[in-house]
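Reviewing the structure listed below.
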Amino acid sequence: MSKKPGIPKGTRDFSPVEVAKRQYIMSAIKKHFETFGFQPIETPSFENSETLMGKYGEEGDRLIFKILNSGDYLSKVDDTVYDDRNSTRMTKFISEKALKYDLTVPFARYVVMHQNEIDLPFKRYQIQPVWRADRPQKGRFREFYQCDADVVGSNSLWQEVEFVQLYDAVFNELKVDGVTIKINNRKILSGIAEVIGAKDKLIDFTVALDKLDKIGEEGVKKEMLAKGISEEAIDKVQPLFSFSGSNENKLDQLASLLSNSEEGTKGVEELGFIIDAINTLGLKSSKLELDVTLARGLNYYTGAIFEVTAPENVKIGSIGGGGRYDDLTGIFGLKGISGVGISFGLDRIYLVLEELGLFPDVLEDTIDVLFINFGEQEALASLKAIGSLRAAGVKAELYPDAAKMKKQMGYANKRNVPFVVMIGGEELANNTAVLKNMTEGTQETLNMDELSKAFKK
RNA sequence: GUGGUUGUAGCUCAGCUGGUUAGAGCGCUGGAUUGUGGUUCCAGAGGUCGCCGGUUCGAACCCGGUCUUCCACCCCA
């Protein structure tokens with residue numbers, strides 16, 4: 001048993017059916033990325049560690065897969081570092097490359113490196129695997145695909161509006177009804193923190209607030225207190241805990257709550273613009289929801305924050321996310337370039353479609369016709385016929401061995417092949433072929449011309 | 001990284017409080033049917049019970065470790 005091969009934790013093999021289903025999702029995403037004007041790029045599977053490390057917070061560093069240096073990497077390690085036996089500190093001496101953790105940071109690196117060849121605003125999309133050294137659980141893998149679309153070089157809020165439409169277009173195409181596109185704005189969160197006098201605790205505050213739907217009001221308050229946020233401060237944000245009504249309604253409440261904060265007011269304005277525009281333009285099947293508790297994601301979001309959640313009856317959490325980052329390329333030395341983008345979680349969308357039974361049946365791909373193998377001469381004649389069928393776009397194959405009929409027929413049967421052609425001794429002599437319909441069980445003898453015509457649609 | 005959970009034939013799973021040769025269904029191979037599948041019937045192959053160690057006269061079953069699965073936390077797609 002132990003001799004059996006295995007694959008690493010959190011990785012998967014994909015069978016032909018699974019690949020077909022994944023491609024179905026990917027092509028829907030790709031189609032809309034392209035109709036929205038995005039162009040594809042690809043970046044390497046692994047980057048220099050320094051490109052990735054420190055970009056996702058402390059937690060992120062832990063989850064980055066590090067690649068061991070080639071050669072005799074230990075001999076180059078300094079004695080003091082070696083004797084220290086501190087893994088974190090040792091890492092940079094024995095590993096200088098790492099598997100990419102997301103598509104956004106490598107994209108920022110790409111923009112900086114290729115700034116002279118890019119025309120701004122630059123709209124790119126990217127569909128590639130990423131890796132995280134996380135513990136697997138439902139909808140969470142160590143290798144998974146992200147499908148990202150980002151725009152750099154434009155501060156326009158119309159981009160945000162278009163991304164909402166893009167999410168809607170893709171999920172509508174995939175026939176997933178009832179997707180919620182949640183939207184928030186970092187400036188609103190900062191504004192709230194400012195108004196309650198906890199500006200220095202912005203991250204702790206937002207992380208706690210984000211858990212509202214999970215641990216409830218009391219839980220959130222408890223966590224905030226534990227993080228050193230005062231009771232008066234928590235009292236001031238009380239309205240947030242029972243935030244309800246229409247998006248416009250929420251905006252009004254936020255506007256008055258944040259009237260003393262310049263930044264917060266800006267955030268309310270930005271959100272108002274996006275929500276107004278979407279109200280006028282309309283969405284096909286998703287709904288846009290202002291959610292002040294939304295604080296997910298990376299520390300670099302500065303404006304809009306997006307998160308897409310699956311329809312209520314599917315418990316999978318978020319299937320996409322994104323936001324605006326005013327200065328992402330700044331970390332690589334290119335200041336003043338704003339970016340905004342969204343991401344689709346392919347593997348999670350797959351689980352949603354599977355659970356809702358939304359994959360089309362036609363994805364079960366098979367060949368159109370199997371030729372039974374009766375021996376050398378017969379196989380040769382079969383391959384002649386197969387050649388002209390293939391030229392006409394028919395998926396045809398010859399059973400490779402002159403095995404027993406039962407076996408060959410059984411193979412056709414198991415692969416759901418709709419037609420079988422038999423060219424045996426008799427047919428060989430008469431230059432004919434027997435075409436059998438496997439679902440009806442009927443068959444007829446045809447000459448070669450009639451055979452190729454039979455498959456013309 | 002923390003806590004819990006799972007592992008028996010190719011697959012899905014039984015297996016009593018530890019007691020002789022570990023079972024079923026499906027699948028697989030062969031035959032009934034030497035050029036006609038999906039149905040039926042008959043026969044057969046296939047397991048060092050995840051791995052390592054311990055307790056015991058005796059371990060699939062108890063204990064420890066390890067790997068794997070799934071779940072929750074952290075975090076996230």
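Below, all heavy atoms of this structure are taken into account, side chains as well, without hydrogens, waters or symmetry copies.
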Self-check item: Residues which pass ring-ring contact (aromatic ring centres under 6.0 Å, His included) with A:F33, listed by chain and number, not counting sequence neighbours
Solution: A:Y125, A:F344
Quiz item: Counting any heavy atom closer than 4.0 Å, what does A:S318 reach on the DNA or RNA strands: base, sugar-phosphate only, or nothing?
Solution: sugar-phosphate
Exercise. Have a look at A:V207 and say if it touches a base, only the backbone sugar-phosphate, or nothing, with a 4.0 Å heavy-atom cut-off.
Key: sugar-phosphate
Quiz item: If you look at every strand shown and take non-hydrogen atoms under 4.0 Å, does A:Q137 touch a base, only sugar-phosphate, or nothing?
Solution: base
Quiz prompt | Aro-ring/base stack A:F344-B:A77, d under 5.5 Å, angle under 30° | solution = no
Quiz item: Reckon A:G60 touches a base, only the sugar-phosphate, or nothing at all at heavy-atom distances under 4.0 Å?
Solution: nothing
Self-check item: Watson-Crick or G-U pairs under 3.5 Å in RNA chain B, rendered as dot-bracket with [ ] for crossing pairs and | for another strand
Solution: ((((..(..((((.....[...)))).(((((.......))))).....(((((..]....))))))..))))....
Is there any protein nitrogen or oxygen under 3.5 Å from a nitrogen or oxygen in nucleotides 25-31 of chain B, and what are the pairs?
unit_1	atom_1	unit_2	atom_2	d
B:C28	OP1	A:K414	NZ	3.0
B:G31	OP1	A:K404	NZ	2.4
B:G31	OP2	A:K404	NZ	2.9

Quiz prompt | For A:R324, all residues meeting salt bridge (Lys or Arg N to Asp or Glu O under 4.0 Å), sequence neighbours excluded | solution = A:E160
Quiz item: Between A:K138 and A:Q443, who's closer to the 5' end of RNA chain B by nearest nucleotide?
Solution: A:Q443
Quiz prompt | Nucleotide of B:C74, B:G37, B:C73 approaching A:E59 most closely (side-chain heavy atoms) | solution = B:C74
Quiz item: Which nucleotide, B:C73, B:A77, B:G3, lies nearest any side-chain atom of A:R348?
Solution: B:A77
Practice problem: Apply ring-ring contact (aromatic ring centres under 6.0 Å, His included) to A:Y110 and list each qualifying residue two or more places apart in sequence or on a separate chain. | Solution: A:H114
Self-check item: Within residues 423-435 of chain A, residues whose heavy atoms come under 4.0 Å of RNA chain B
Solution: A:G424, A:G425, A:E426, A:E427
Practice problem: Mind checking A:G375 for me? I need base, sugar-phosphate or nothing, with any heavy atom below 4.0 Å counting as a touch. | Solution: nothing
Quiz prompt | Residue A:R132, side-chain atoms from C-beta onward, closest of B:U36, B:G1, B:A77 | solution = B:A77
Quiz item: Distance under 6.0 Å and angle within 45° of the ring axis: does A:R132 meet both against A:Y101?
Solution: yes
Quiz item: Expressed as a whole number of Å, how far does the P atom of B:U68 sit from that of B:G1?
Solution: 11 Å
